[in-house]
Visitor: 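Sharing a structure with you now.
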Amino acid sequence: MARSQSGTRHRRGPHKPQRRPEPVGDAAVQTLEPVGRGSIEIPSSITVKELAELLSVNPADVIRELIRSGIFASINQVVDRDTATLVAGELGFEVAEPTVAAPSETNGTAPLPEATKEVLFEEDDPSKLQARPPIVTVMGHVDHGKTSLLDAIRATNVAAGERGGITQHIGASEVSRDGHRVVFLDTPGHEAFTAMRARGARVTDIAVLVVAADDGVMPQTREAIDHARAAKVPIVVALNKVDKADANPDRVKTELSEIGVVIEEYGGDVPLVEVSARTGQGIDELLDTILTVAEITVDPRANPKRPAIGTVVEARVEKGRGPVATVLVQTGTLRVGDTVAVGNTFGRVRALETGTGERVSKAGPSSAVVLLGLADVPAAGDVLRAVGDEKTARAMIEQRQAQTTGRPDGTGRATLEDLYQQIQAGQTKELRVIIKADVQGSLGAIRHALEQIQTDEVRINILHEGAGDITDNDILLASASNAVVVGFNSRVEPTARRTAEAEGVDVRLYDIIYRLTEDLQAALTGLLEPEQIEVVEGRAEVRQIFRVGKTTVIAGSYVTEGRIVRGGVRVYRGGRVIATDRIDSLRRFRDDVREVATGFECGIGLVGFNDLEVGDVIECFTTQTVSRIAAA
């Protein structure tokens with residue numbers, strides 16, 4: 001039986017059309033240089049349009065900064081002072097402390113003082129900036145030597161005279177090279193890297209891509225490259241295992257060039273260092289290259305004299321010590337006794353410890369320290385801010401929670417409908433997509449089809465593509481980059497489905513290419529017609545086959561996930577779809593039933609497919625008709 005096309009999305013409920021934003025008075029407003037301008041005052045709440053007028057900038061500039069912070073706002077949406085201050089700081093403006101301590105209109109709390117401005121990486125006064133050590137994430141394919149390379153780097157540093165020698169695992173490592181420090185995140189892999197980005201934390205300055213000289217470019221190598229590019233982070237290639245007899249560096253360099261990573265030796269701008277984690281070959285050269293890229297390309301700087309802002313790398317509860325968190329300080333200086341707000345918790349810093357277990361009284365920019373004193377365990381990727389007192393910390397957490405719950409879907413992630421609104425408002429010029437297909441050949445056909453539907457006004461940016469099922473990694477990348485996930489003849493892994501629902505990521509599945517291109521073209525042109533949205537209800541495993549008569553087959557099944565209801569089904573065998581059909585009969589013992597929940601057995605009969613076998617998985621789905629936003 002022919003499969004029916006469907007566009008699958010995972011989100012909390014049907015999309016409700018929103019009113020289109022009103023046009024801005026003069027679309028040609030130019031951003032004015034803030035140099036020489038005095039500090040500005042921002043009220044407790046302000047619309048995006050009013051903020052743009054206050055700063056004398058184009059509203060699109062304000063909306064762009066909001067999107068970078070994970071907030072998808074229309075031109076008439078109201079934001080609080082804290083959010084507006086963050087935007088103003090990113091645009092180079094200085095914000096004065098409020099002259100009247102009026103309650104915030106969003107949640108009734110007092111406005112936050114100047115010390116808690118969410119200026120994460122842009123400082124208001126360049127004269128106060130000082131060079132800080134670069135922060136490096138190591139990524140690459142499994143078994144290509146990421147962990148071994150980090151161990152070799154640490155071992156070299158200890159041999160060079162690092163004090164202590166025994167380093168506890170705190171999620172980050174600091175090494176020295178000729179008096180210059182480099183900080184490595186000890187959670188290698190693009191999964192952790194992107195999970196932090198998905199939570200709004202911009203942690204990494206440089207990505208080291210580890211590729212094995214005897215293995216070459218592999219699927220996770222491509223994924224790591226796509227994740228680093230999406231984060232706009234410079235790449236340094238560490239060509240590992242060059243000491244092995246079957247190493248072929250030239251082949252790997254060619255493979256990298258074929259996927260767009262052109263090394264300096266081939267006329268590109270990506271440094272490559274041949275290393276061996278086993279023998280220590282090239283480790284010093286790799287550190288020198290990282291420092292050179294940091295100095296020339298990144299130039300990481302921070303203000304050590306401001307209140308600390310950092311990111312949680314790891315967190316856990318330790319017996320006798322309570323919640324402990326490894327924090328990477330990115331700007332400012334964190335001191336014992338500081339009151340800090342971290343994600344949805346807060347506390348007073350009781351102690352700070354280095355990776356060697358040494359107690360310190362303060363930690364400056366690009367320092368990794370273990371923090372004791374929080375009321376609860378934060379999540380990896382949560383942003384830490386040192387504030388004036390506990391009252392301010394509570395107010396900051398309440399404002400953050402109110403801002404999150406105030407969004408229509410609780411997330412602010414991009415959907416095709418959101419894209420339509422942003423295009424109409426002039427807020428965006430590209431649709432970011434992640435494409436997964438059943439085979440490589442399908443990817444080429446889809447890519448060619450998408451190239452034909454781009455316009456001068458907007459374009460499709462393919463952040464990542466690959467063959468296989470949609471995984472957690474795809475969802476995390478989409479969440480961090482505000483992208484839409486598109487699957488062609490591929491399925492969503494159960495854990496990825498739950499992650500998509502939690503993150504509010506738009507996931508759509510197709511089995512006909514022209515339906516896929518029609519949907520994306522409709523988003524680009526605003527012609528979004530009502531659609532059938534597929535909702536996966538549950539799965540059951542076939543445990544026994546019963547034959548009734550000559551043709552009818554009943555599958556004795558056990559419901560492993562969700563619920564089984566009368567509707568459409570897909571039959572999986574060996575992880576691949578072998579049939580799409582509908583349920584003809586659903587029984588519990590001798591009774592016809594409307595649904596069967598997880599943990600119960602049932603008999604399932606299909607309309608047309610009778611070639612069922614023990615071990616098959618029956619996935620049940622229903623469809624909902626949801627109105628999309630129509631073009632004006």
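Quick note: numbers below take in every heavy atom, side chains included, and nothing from hydrogens, waters or symmetry partners.
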Visitor: Compare every heavy atom of Arg350 with every heavy atom of Val336, then report the nearest pair and how far apart it is.
Guide: CG1-O, 3.6 Å
Visitor: Quick check on Glu264: does its CD atom have over 12 non-hydrogen neighbours (other residues, nucleotides or ligands) under 6.0 Å away?
Guide: yes
Visitor: Any side-chain heavy atom of Leu450 within less than 4.5 Å of one from Ile435?
Guide: yes
Visitor: So, applying side chain to side chain contact (heavy atoms under 4.5 Å, CB included) with Val175, which one of Val136, Leu150, Ile153, Ile283 is it?
Guide: Ile153
Visitor: Verify, without hydrogens or angle tests, whether Ser479 (side chain) and Ile475 (backbone) share a donor-acceptor contact under 3.5 angstrom.
Guide: no
Visitor: Between Ser490 and Gly487, what is the shortest heavy-atom contact and its length?
Guide: OG-CA, 3.5 Å
Visitor: Is it the case that the side chain of Glu493 and the backbone of Asp469 share a donor-acceptor pair, with hydrogens and angles ignored and the cut-off at 3.5 Å?
Guide: no
Visitor: Do the side chains of Tyr572 and Arg491 get nearer than 4.5 Å, heavy atoms only?
Guide: yes
Visitor: Applying salt bridge (Lys or Arg N to Asp or Glu O under 4.0 Å), can you list everything that pairs with Asp269, at least two apart in sequence or on another chain?
Guide: none
Visitor: Does Ala496 offer a backbone N or O that forms a donor-acceptor pair with the side chain of Asp472 under 3.5 Å?
Guide: yes
Visitor: Just by distance, do the side chain of Arg278 and the backbone of Asp243 share a donor-acceptor pair under 3.5 Å?
Guide: no
Visitor: What heavy-atom pair brings Ala302 and Thr331 nearest, and what distance separates the two atoms?
Guide: CB-OG1, 3.6 Å
Visitor: Between His464 and Asp474, is the side-chain contact (heavy atoms from CB on, under 4.5 Å) condition met? List the steps.
Guide: CA-CA 8 Å; His464 174 66; Asp474 301 318; 3.7 Å; yes
Visitor: Kindly give the heavy-atom pair with the smallest separation between Val312 and Ala325, and that separation in Å.
Guide: CG1-CB, 4.3 Å
Visitor: Hey, are Asp151 and Ser148 close enough side-chain-wise for a donor-acceptor pair under 3.5 Å?
Guide: no
Visitor: So for atom CZ, which belongs to Arg222, do other residues, nucleotides or ligands contribute more than 12 heavy atoms lying within a distance under 6.0 Å?
Guide: no
Visitor: Kindly indicate whether the side chain of Ile225, heavy atoms from C-beta on, has any atom under 4.5 Å from the side chain of Val217.
Guide: no
Visitor: Taking salt bridge (Lys or Arg N to Asp or Glu O under 4.0 Å) as the definition, give me every residue that meets it alongside Arg229, ordered by chain and number, with sequence neighbours left out.
Guide: none
Visitor: So do the side chains of Lys305 and Lys128 get within less than 4.5 Å of each other, counting heavy atoms only?
Guide: no
Visitor: So, do Arg177 and Asp288 sit near enough that their side-chain heavy atoms are less than 4.5 Å apart?
Guide: yes
Visitor: Within the supplied structure, the quantity of interest is the number of heavy atoms (other residues, nucleotides, ligands) at a distance under 6.0 Å from Arg576 CZ; does it exceed 12?
Guide: no
Visitor: Check the pair Thr311 / Gln330 against side-chain contact (heavy atoms from CB on, under 4.5 Å), numbers first and verdict last.
Guide: CA-CA 7 Å; Thr311 300; Gln330 290 158 276; 2.5 Å; yes
Visitor: For the pair Ser367 and Lys362, evaluate side-chain contact (heavy atoms from CB on, under 4.5 Å) and give the outcome as yes or no after the intermediate values.
Guide: CA-CA 10 Å; Ser367 294; Lys362 62 182 180 180; over 6 Å; no
Visitor: What pair of heavy atoms forms the shortest contact from Ala294 to Pro300, and how long is it?
Guide: O-CD, 3.3 Å
Visitor: Mark yes or no for whether Thr333, through its side chain, and Pro304, through its backbone, hold a donor-acceptor pair below 3.5 Å.
Guide: yes
Visitor: Hey, could you give me each pair passing salt bridge (Lys or Arg N to Asp or Glu O under 4.0 Å) that has a residue in residues 233-242? Not counting sequence neighbours.
Guide: none
Visitor: State plainly whether the residues Arg497 and Glu561 are in salt-bridge range, i.e. N to O under 4.0 Å.
Guide: yes
Visitor: Any donor-acceptor pair under 3.5 Å linking the side-chain atoms of Asp376 with those of Thr345?
Guide: no
Visitor: Do the side chains of Val233 and Thr137 get nearer than 4.5 Å, heavy atoms only?
Guide: no
Visitor: Consider side chain to side chain contact (heavy atoms under 4.5 Å, CB included). Of Ile309, Leu334, Val329, Leu328, which one does Leu384 pass it with?
Guide: Leu334
Visitor: Should Thr392 and Thr339 be marked as a side-chain contact (heavy atoms from CB on, under 4.5 Å) after you check the CA-CA gap, both sets of side-chain angles, and the distance that decides it?
Guide: CA-CA 9 Å; Thr392 303; Thr339 299; over 6 Å; no
Visitor: Show the nearest heavy-atom pair for residues Asp205 and Pro133, with the distance to one decimal.
Guide: OD2-O, 4.2 Å
Visitor: With Thr221, which of Val211, Asp226, Asp215 fulfils side chain to side chain contact (heavy atoms under 4.5 Å, CB included)?
Guide: Val211
Visitor: Atom CD1 in Ile290, atom NE2 in His180: separation rounded to 0.5 Å?
Guide: 13.5 Å
Visitor: Heavy-atom distance under 4.5 Å between the side chains of Pro134 and Val298, does that happen here?
Guide: no
Visitor: With the side chain counted from C-beta on, respond yes when Glu318 and Val370 share a heavy-atom pair under 4.5 Å apart, and no when they do not.
Guide: no
